[in-house]
Amino acid sequence: MTANPPLVYWLVIAIMMVGLYAVIARDNLVKKVIGLNIVQAAAILLYIAMGKVEGGTPPILIEGRTEVLYSNPVPHVLMLTAIVVGVATTALALSLAVRIQVAYGTSEEDEIVALEQSGL
Amino acid sequence: MLLVLMLATAVVIVELSDLFAAALLAGIFSLLAAGVYLLMDAVDVSFTEAAVGAGITTVLFLGALSRSADRERQRRVRWRPLFAVTAVGAALAYGALDLPRYGDPLAPIHHHVAPDYIRGTAEDIHVPNIVTAVLASYRGYDTLGETTVIFTAAIGVLMLLASAGQSGQSEARKSTERGGRTMAEQQILRVMVRLLAPFVLLFAFYVQTHGDFGPGGGFQAGVVFATAFVLYGLVFGSEAAQSVFPAALAERLIAVGVLIYAGTGVVTLLLGGGFLDYDLLSAEHGQHYGILAVEAGVGLAVAATMTRIYYAFATLSRAHREADR
């Protein structure tokens, strides 16, 4: 163990694992999508945390001053677009879930698998 | 610490079998995330998360839940997935030991391209917001790709939901007033939404056009713009919102937005430069004009996509309500 355990990163990893558990262990499709959203938020957090510079300011140039420490803008750009793309893909996943619900009458994965196997 | 609160919220979300409550808690989870981003200096990201996560995503989940069961079957803890997740988490935590210290200014990530962007934004691009400069100019190709992904996802949603929503669409039209009335009867909600909507739209335009100076830009403005219609639709029924901003118009604007972005690139090509090489647009303010044009395309595409997806989900819940009666 190092002198300063990376607490921020550990917390982010813990959040990600909670989301991953929902994706693996839950059968309900909507719950899986919520879990995926949690994993996504944790991934974004990880990037943003790496962009933070101690004592830095948000990366918006302050006019007339050159010796200002800015936080890293690159992760911000990547994650900004990832969030908006994330909603669009969440909507796509939810519409798939809705179509499955309409086709099978259930959103529970094990019931869908059972229906599939009995149908064959 | 906000991260601990986020972790606690995530655990509760996963444990809840009431999916409505879980969807609402997911909104709170997003709001907490926005707070954390703000503390980590990511103002633009925080802005986006607050508008997207706490606003639009929750509405989408509620729309989807109106069509599927709102309760999950109660089940016990599953040990094998729990074991797998713990093992992955432990491995990642072990790997995190080797990461640079949180906030370390000497970390390699801060010494590769970031200093060039920070210096170059002042010298070449002449806009104060570095995030906007990187987004729309330095990495303009990536952002064009992201906009296209949103466009594609919108097409996917519309194709998937077209047949699911149609079943009750004709009767749904009549039931709009009935379905919307419960909320539309609330005098306070009516007055507040009427008062708020114009200001939300005005704010969206400010965010859109001011993205090069402060936090903001096409992505945030698009989402805020859509929020105004979602808010209006929630209280007065999405039919009322559609009479202001028709679904067919939204569908076209998604494509127009992507076209404006790609078209800017074609214009610079025709002027004899590279794709998205803004310096050719004008000798002095080329970069600035280019960023504004591209951000306008992004804003249009995002606003139209979010509004159209909301309409698709709203139609879904209305058709379902009608079927229940």
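Letters go in sequence order (proteins before strands), and every chain restarts at 1.
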- [ ] Might you point out which heavy atoms bring Leu92(A) and Ala153(B) nearest each other, and give the distance in Å?
- [x] CD1-O, 3.8 Å

Open item on the list: Using side-chain heavy atoms (C-beta onward) and a distance below 4.5 Å, is Leu92(B) in contact with Met17(A)?
Closed with: yes

- [ ] Pick whichever of Thr86(B), Val131(B), Leu60(B) has the most heavy-atom pairs under 4.5 Å with chain A.
- [x] Val131(B)

TODO: Determine the minimum heavy-atom distance between Tyr9(A) and Ala96(B), stating which atoms define it.
DONE: CB-CB, 4.1 Å

Task: Nearest heavy-atom neighbours spanning Glu49(B) and Ile83(A) - done: OE1-CD1, 3.4 Å

Open item on the list: Need one label for Ile309(B): side chain, backbone, both or neither, based on atoms under 4.5 Å from any heavy atom in chain A.
Closed with: side chain

Task: Option in Thr57(B), Val43(B), Ile109(B) with maximal non-hydrogen atom pairs under 4.5 Å from chain A - done: Ile109(B)

Open item on the list: Need one label for Leu45(A): side chain, backbone, both or neither, based on atoms under 4.5 Å from any heavy atom in chain B.
Closed with: both

Task: Considering all heavy atoms, the nearest Glu146(B)-Val85(A) contact - done: OE1-CG2, 3.2 Å

TODO: Look up atom CD1 in Ile150(B) and atom OG1 in Thr81(A), then write down how far apart they are to the nearest 0.5 Å.
DONE: 8.0 Å

- [ ] Decide, yes or no, whether a salt bridge links Arg26(A) with Glu15(B) under the criterion of side-chain N to carboxylate O below 4.0 Å.
- [x] yes

Task: Leu46(A) portion near chain B, given a 4.5 angstrom heavy-atom threshold - done: neither

Task: Pairs of heavy atoms under 4.5 Å with chain A: top-ranked of Ile56(B), Asp44(B), Ile118(B) - done: Ile118(B)

Task: Top contributor to chain A contacts, counting heavy-atom pairs under 4.5 Å, from Ala93(B), Pro100(B), Pro105(B), Ala114(B) - done: Ala93(B)

Task: Contact check, side chains of Met6(B) and Leu11(A), non-hydrogen atoms, under 4.5 Å - done: no

Open item on the list: Heavy-atom cut-off 4.5 Å, strictly under: side chain, backbone, both or neither for Leu106(B) against chain A?
Closed with: neither

Task: Close side-chain approach of His76(A) and Ile130(B), heavy atoms under 4.5 Å - done: no

Open item on the list: Suppose we screen for side chain to side chain donor-acceptor pair (under 3.5 Å). Which residues come up paired with Thr143(B), at least two apart in sequence or across chains?
Closed with: none

Task: Heavy-atom contact with chain A under 4.5 Å, split by part of Ala10(B) - done: both

Task: Per-residue contact mode, Ala97(A) against chain B (heavy atom under 4.5 angstrom) - done: neither

Task: Pairs of heavy atoms under 4.5 Å with chain B: top-ranked of Ile24(A), Leu94(A), Thr90(A) - done: Leu94(A)

Open item on the list: Quick check on Val149(B) against chain A: is it the side chain, the backbone, both or neither that has a heavy atom closer than 4.5 Å?
Closed with: side chain

Task: Winner by heavy-atom pair count (cut-off under 4.5 Å) against chain B, out of Leu96(A), Val33(A), Ile100(A), Val87(A) - done: Val87(A)

Open item on the list: Any heavy-atom pair between the side chains of Leu97(B) and Trp10(A) that's under 4.5 Å?
Closed with: yes

Open item on the list: Nearest 0.5 Å, please: how far is OH in Tyr94(B) from CD1 in Ile13(A)?
Closed with: 13.5 Å

- [ ] Could you tell me which of Leu29(A), Val12(A), Leu20(A), Ile38(A) has the largest number of non-hydrogen atom pairs under 4.5 Å with chain B?
- [x] Ile38(A)

Open item on the list: Please identify, among Ser95(A), Ala22(A), Ala42(A), the residue contributing the most non-hydrogen atom pairs under 4.5 Å to chain B.
Closed with: Ser95(A)

TODO: Report, by ascending residue number, the residues of residues 132-140 of chain B in heavy-atom contact with chain A at a distance under 4.5 Å; give 'none' if the set is empty.
DONE: Val134(B), Leu135(B)

TODO: Taking ring pair (Phe, Tyr, Trp, His ring centres under 6.0 Å) as the test, write out the residues that go with His210(B), two or more places apart.
DONE: Tyr206(B), Phe213(B)

Task: Which atoms of Val74(A) approach chain B - backbone, side chain, both or neither, heavy atom under 4.5 Å - done: side chain

Open item on the list: Show, in sequence, the C-alpha distance, side-chain angles and deciding distance for Leu80(A) and Phe47(B), and conclude whether the side chain to side chain contact (heavy atoms under 4.5 Å, CB included) test is met.
Closed with: CA-CA 9 Å; Leu80(A) 167 71; Phe47(B) 192 169; over 6 Å; no

Open item on the list: To the nearest 0.5 Å, what is the distance between CZ on Phe61(B) and CD1 on Ile34(A)?
Closed with: 4.5 Å

Anything under 3.5 Å between a donor and an acceptor, one on a side chain of residues 48-60 of chain A, the other on a protein residue two or more places apart or in another chain? List them.
| unit_1 | atom_1 | unit_2 | atom_2 | d |
| --- | --- | --- | --- | --- |
| Lys52(A) | NZ | Asp41(B) | OD2 | 3.1 |
| Glu54(A) | OE2 | Arg101(B) | NH1 | 3.3 |

TODO: Can you tell which part of Val45(B) gets under 4.5 Å to a heavy atom of chain A, answering side chain, backbone, both or neither?
DONE: both

- [ ] May I ask you to test the Pro81(B)-Tyr21(A) pair for a side-chain heavy-atom distance under 4.5 Å?
- [x] yes

Task: Spacing of Asn37(A) atom CG and Ser30(B) atom OG [to the nearest 0.5 Å] - done: 7.0 Å

Task: Which portion of Tyr117(B) sits near chain A, non-hydrogen atoms under 4.5 angstrom - done: side chain

- [ ] Compute whether any side-chain donor of one residue and acceptor of the other, for Asn72(A) and His110(B), lie under 3.5 angstrom apart.
- [x] yes

Task: Segment of Val88(B) engaging chain A (4.5 angstrom heavy-atom cut-off) - done: both

